[in-house]
Amino acid sequence: QCSLLLCFGLAVDVRQTPAEVFTHPRNSLVQLFCNHDKTDFYLMLWYQQTPGRTDMKLIGYLHHNEPTMEKEHKDDFDISGALSGSTAKNGSLMIKKAEQNSSAVYFCAASKAQ
Ligand SMILES: *[C@@H]1O[C@H](CO)[C@@H](O)[C@H](O)[C@H]1NC(C)=O
Ligand SMILES: *[C@@H]1O[C@H](CO)[C@@H](O)[C@H](O)[C@H]1NC(C)=O
């Protein structure tokens, strides 16, 4: 279903935008957003599912305003957002240098606590 360079998996109750991103290799930055209305969910996790695989790899997560990246993804991604406070949540995953091998489905997940 997803044959684009980058695209999202859609999860119930969590909105990810844009749904699909086409980018030319070497076109540098791609930023994906994830937002939801669960005001007491202070954790947002980002996963990557690469083509031909069914498992998802954790890229990193945001806890309140604090990002934690998996070591192997540190150079290629940034996670940011402000999850503190009792407001709707909006976080983002930045693909710092989109390349052919960035082609994947990116999932975000929201959770109450760690
Ligand atoms: C999330 O934040 C980004 C960047 O600050 C903004 O462009 C986007 O509109 C926000 N989305 C929502 C649903 O607030
Ligand atoms: C993706 O490709 C770039 C350039 O060819 C390379 O430097 C990088 O290590 C590759 N990343 C992975 C995860 O294979």
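All values reported here derive from a predicted model rather than from experimental measurement. Remember, it's 1-based here, ligands and their atoms both numbered in the order they're listed.
- In this structure, the separation between CE on M94 and CD on Q31 is 4.0 Å, given to the nearest 0.5 Å.
- In this structure a side-chain-to-backbone donor-acceptor pair under 3.5 Å is missing from K57 to Q48.
- The atoms of ligand 1 that sit less than 4.0 Å from any heavy atom of N90 are 1 (C), 2 (O), 3 (C), 8 (C), 10 (C), 11 (N), 12 (C), 14 (O).
- The protein heavy atom nearest to atom 7 (O) of ligand 1 is F33 CZ, 4.4 Å.
- Scored by the side-chain hydrogen bond (donor to acceptor under 3.5 Å, both in side chains) test, H64 finds S84 as partners (sequence neighbours excluded).
- In this structure, atom 11 (N) of ligand 1 has a protein heavy-atom contact shorter than 4.0 Å.
- Checking atom 2 (O) of ligand 1 against the protein gives a heavy-atom contact under 4.0 Å.
- Those atoms of ligand 1 with a heavy atom of N35 less than 4.0 angstrom away are 13 (C).
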Worksheet entry | Derivation of the side-chain contact (heavy atoms from CB on, under 4.5 Å) call for F41 and L83 | CA-CA 8 Å; F41 277 36; L83 304 184; over 6 Å; no
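- In terms of modelled atom types and a separation under 3.5 Å, the side chain of N35 and the main chain of G91 share no donor-acceptor contact.
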